[in-house]
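The next block holds one structure in the form of structure tokens; read it before the comments.
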Amino acid sequence: MVAIDDPIAFELFKNSIFSIADEMALTICRTTYSGVLRDNMDFSTAFANKDGKLVAQGLTLPAHLGSIPTALDVVVERFGPEMQPEDMYIMNDPFDGGMHLPDIFIFKPIFWKGERVAFAATICHHADVGGRVPGSNASDSTEIFQEGLRIPPMKLFDQGALNKTLWMLIEKNVRIPVQVFGDLRAQLAACHIAERQFLELIKRYGVKTVGIYMEEIIDYAERLTRAAISTLPDGEYAFEDWIDDDGIDIDTPIRLHVTITKSEDKMLVDWAGSSDQVKGAINNTLSFTKAASYTGIRSVLPDGIPNNEGVFRAIDVTAPPGSIANGVLPAACAARGLTGFRMVDCMLGALAKMLPDKVCAASDGGNSGVSIGGYDKNRNPYIYVDFACGTWGGRPWADGLQGNSNMFANMASQSVEVIEAEQPIEILAYELLPDRAGAGKFRGGAPYCREYRFTESEAVLQVRTDRAKFRPYGLYGGHPGQGSANYLNPGRENRKLTSKPTMTIRTGDVFRHELAGGGGWGDPLDRDPTLVLKDVLDELVSIDAARRQYGVVINMDHRNVEASATNALRAELRSQRSWSDPPVVSRDDSGIINALDTEDKKP
């Protein structure tokens, strides 16, 4: 830690660095080609010091919190001494610093008078990087070699000269090179803008002061993080949850187990006890497991702590190599996002035992991935990639959010009009579903469904979803949310699909995906009856569910609550329970009436 002579100048500099990372993000959003970046905003930007230590992350994806530092460490170790001005580096290999193949990193070292002073960093999910399935995101790949082009850390530009061999290699291995190169150029532009803005700061403050300030931003974040952690109760808090399956062995659930140990001003997050790595493509890299762990802890810490290396210094994350939390070659990992989202729910389950008044119940299970790709009648390729997420679990102070991105993603929904203008797809339904949210004093968020009608001749549909069998858990008496579901042609054959299908679709086929509902928080019989009435009038809760789950009797003729009948019904429902203190966790309907096992009982 260094002394700061001018705290006002330091504060201005700190916000300037954060603004650079945000301007990088706006550059990508405004110049990229593909909907998964322009609309879903599946990308991140960051700024690091001369040693590659993260100083600032743009207001983008928490899912990338652990990825950019890991990837940049590999690049610095591999190329550090030989880096030159105008060099730029590219990589995506999950087993050489990356996460999964669609996420391509671009790094630019920044120099001042021949001395390396910083790094600009970007990561974008590209709509295709080759492999056996359009979109390069299939759940049912069984090894990394099926998933697309692996790019180890390499120079994309050597002192400003493009590596044409690598550029051509990428072009020949992706289905939609125009979009991929457009998105890569957006990343390059963001890095150039960051360089220009940062050099202006050096001219204003001087290179020595800038270096000192960047180190202090990291130290500042560490001090805030450790101070916040020190106020939390010491102890060991464990939680388990289950992924439905890996898309290959569809009858085999996959265990996630986390133990959070808090001691003084530091925390250890250990994923020992999680399943071994699986055949399907949902295996995590350690960097992505770190990101899920950091996100969980960050959600219970105060606002205002910068997301950088200082936060990570106070939190150790471990996972056994060869497990689903830390896959090793040749593990497939294209759909590993699913596991990361589920890990965040697992983290929140453990943290709920530490901080019951701060942690929400389970979300919808993270974003559901839908990819549709093929060729039109002129053999021109098209690929549609979409990620849908929309429900949070009930919170100790309010209902769960709905129509809102998962906290691990911070993503947006693609516009229906843009989808239909750019892709051979019609959106037939995009609507909230009633009676799907977990009941509670504060209910879970209501999920939505989306129906996609395909208008070209033939395509490959690839879906990555979960929470069909293992529903989003409720907390402290809250009910679990209803599970997700996939259907083909709901108006005709109404064929129910597995959670992770890869299949051929043809003209007129309709795919329907229903998100899982968020888990509820607190006893539903303690919910304000006027809130139940509002949910009924908003068509989020049926009259029957109001009676059965909340014990609220509603007179629809007068659009009001019948108070005496409600009090009597609630007393009757309470008398049917076999518990007095609510269970900490409710995973299915049996937990609503009967207390759960010892691990899930309130201490």
Side-chain angles (χ1 to χ4, degrees), residues 22-45 58 60-61 64 88 90-92 100-108 120-131 133-137 148-149 151 156-157 162-164 166-194 334 337 367 369-376 378-388 409-425 427 452 456 459-460 462:
D22 289 341
E23 187 171 355
M24 293 172 69
L26 288 172
T27 299
I28 291 176
C29 191
R30 290 170 176 167
T31 61
T32 192
Y33 280 38
S34 60
V36 71
L37 297 177
R38 182 191 61 235
D39 300 313
N40 278 143
M41 298 191 292
D42 190 352
F43 65 86
S44 283
T45 58
T60 46
L61 268 67
H64 295 152
M88 299 191 79
I90 186 172
M91 61 173 291
N92 75 344
H100 72 158
L101 297 182
D103 283 348
I104 297 179
F105 296 82
I106 296 287
F107 298 116
K108 180 175 178 56
T122 65
I123 173 176
C124 286
H125 181 114
H126 287 257
D128 189 75
V129 289
V133 175
S136 316
N137 207 29
L149 180 65
I151 307 172
L156 183 59
F157 284 84
L162 174 65
N163 184 339
K164 294 181 180 179
L166 177 57
W167 197 255
M168 188 179 299
L169 184 68
I170 295 172
E171 179 183 17
K172 299 302 182 184
N173 280 275
V174 302
R175 295 174 177 85
I176 46 174
V178 172
Q179 289 94 322
V180 170
F181 283 163
D183 294 344
L184 283 174
R185 289 188 179 100
Q187 292 182 255
L188 297 173
C191 290
H192 285 301
I193 285 175
N367 65 24
V370 177
S371 300
I372 299 173
Y375 297 86
D376 64 19
N378 297 317
R379 298 189 183 278
N380 296 314
Y382 57 85
I383 297 177
Y384 167 72
V385 178
D386 191 15
F387 294 109
N410 200 25
M411 297 167 72
S413 179
Q414 294 192 40
S415 160
V416 170
E417 292 77 11
V418 172
I419 293 171
E420 295 184 343
E422 295 184 347
Q423 304 291 347
I425 297 168
I427 303 299
Y452 309 78
E456 260 293 345
V460 174
Q462 191 282 313

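These numbers come from the heavy atoms of this one structure, side chains and all, not from hydrogens, waters or symmetry mates. Because the structure is a prediction, the values reported are computed rather than measured.
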Revision key, fill the gap. Residue pairs meeting side-chain hydrogen bond (donor to acceptor under 3.5 Å, both in side chains), one or both in residues 168-179, sequence neighbours left out, come to Asp128-Arg175

**Study point:** Under the side chain to side chain contact (heavy atoms under 4.5 Å, CB included) test, residues paired with Asn163 that sit two or more places apart
**Key:** Thr165, Leu166

Exercise for review: Apply side chain to side chain contact (heavy atoms under 4.5 Å, CB included) to Arg185 and list each qualifying residue two or more places apart in sequence or on a separate chain.
Suggested key: Trp167, Phe181

Point to revise | Any residue meeting salt bridge (charged side-chain N to carboxylate O under 4.0 Å, His left out) with Asp183, in chain and number order, not counting sequence neighbours | key: none

Revision key, fill the gap. All heavy atoms of Phe387 vs all of Gly369, minimum pair found to be CD2-CA, 3.6 Å

Exercise for review: Could you tell me which residues satisfy salt bridge (charged side-chain N to carboxylate O under 4.0 Å, His left out) with Glu23, sequence neighbours excluded, listed by chain and number?
Suggested key: none

Practice item. Examine the side chains of Gln462 and Asn137 and answer whether a donor and an acceptor come within less than 3.5 Å of each other. Key: no

Exercise for review: Go through the structure and list residues passing side-chain hydrogen bond (donor to acceptor under 3.5 Å, both in side chains) with Thr45, not counting sequence neighbours.
Suggested key: none

Review point. Rounded to the nearest 0.5 Å, what separation is found between the CE atom of Met411 and the CE atom of Met41?
Key: 8.5 Å

Review point. In terms of side-chain heavy atoms, does Gln187 have a donor or acceptor partner in His192 at a distance below 3.5 Å?
Key: no

**Study point:** Sequence-distant partners of Tyr375, ring pair (Phe, Tyr, Trp, His ring centres under 6.0 Å), two or more places apart
**Key:** none

Revision key, fill the gap. Closest non-hydrogen contact found for Thr60 with Ala25 is CG2-CB, 3.7 Å

Practice item. Step through the shown structure and confirm whether more than 12 heavy atoms of other residues, nucleotides or ligands are within 6.0 Å of CZ on Phe157. Key: yes

Point to revise | Exam field: side chain Asp386 to backbone Val370, donor-acceptor pair closer than 3.5 Å | key: no

Study note, to complete from the structure: Residues passing the side-chain hydrogen bond (donor to acceptor under 3.5 Å, both in side chains) test with Gln423, sequence neighbours excluded, are none

Check your understanding: With Pro102, which residues qualify under side chain to side chain contact (heavy atoms under 4.5 Å, CB included), at least two apart?
Key -> His100, His125, Val129, Ser136

Point to revise | Contacts of Ser413 that satisfy side-chain hydrogen bond (donor to acceptor under 3.5 Å, both in side chains) - sequence neighbours left out | key: Tyr430

Check your understanding: Testing Ile28, Ile104, Leu184, Ile106 for side-chain contact (heavy atoms from CB on, under 4.5 Å) with Cys124, which one passes?
Key -> Ile28

Point to revise | side chain to side chain contact (heavy atoms under 4.5 Å, CB included) partners for Ala459, two or more places apart | key: Ile372, Tyr382, Phe454, Ile505

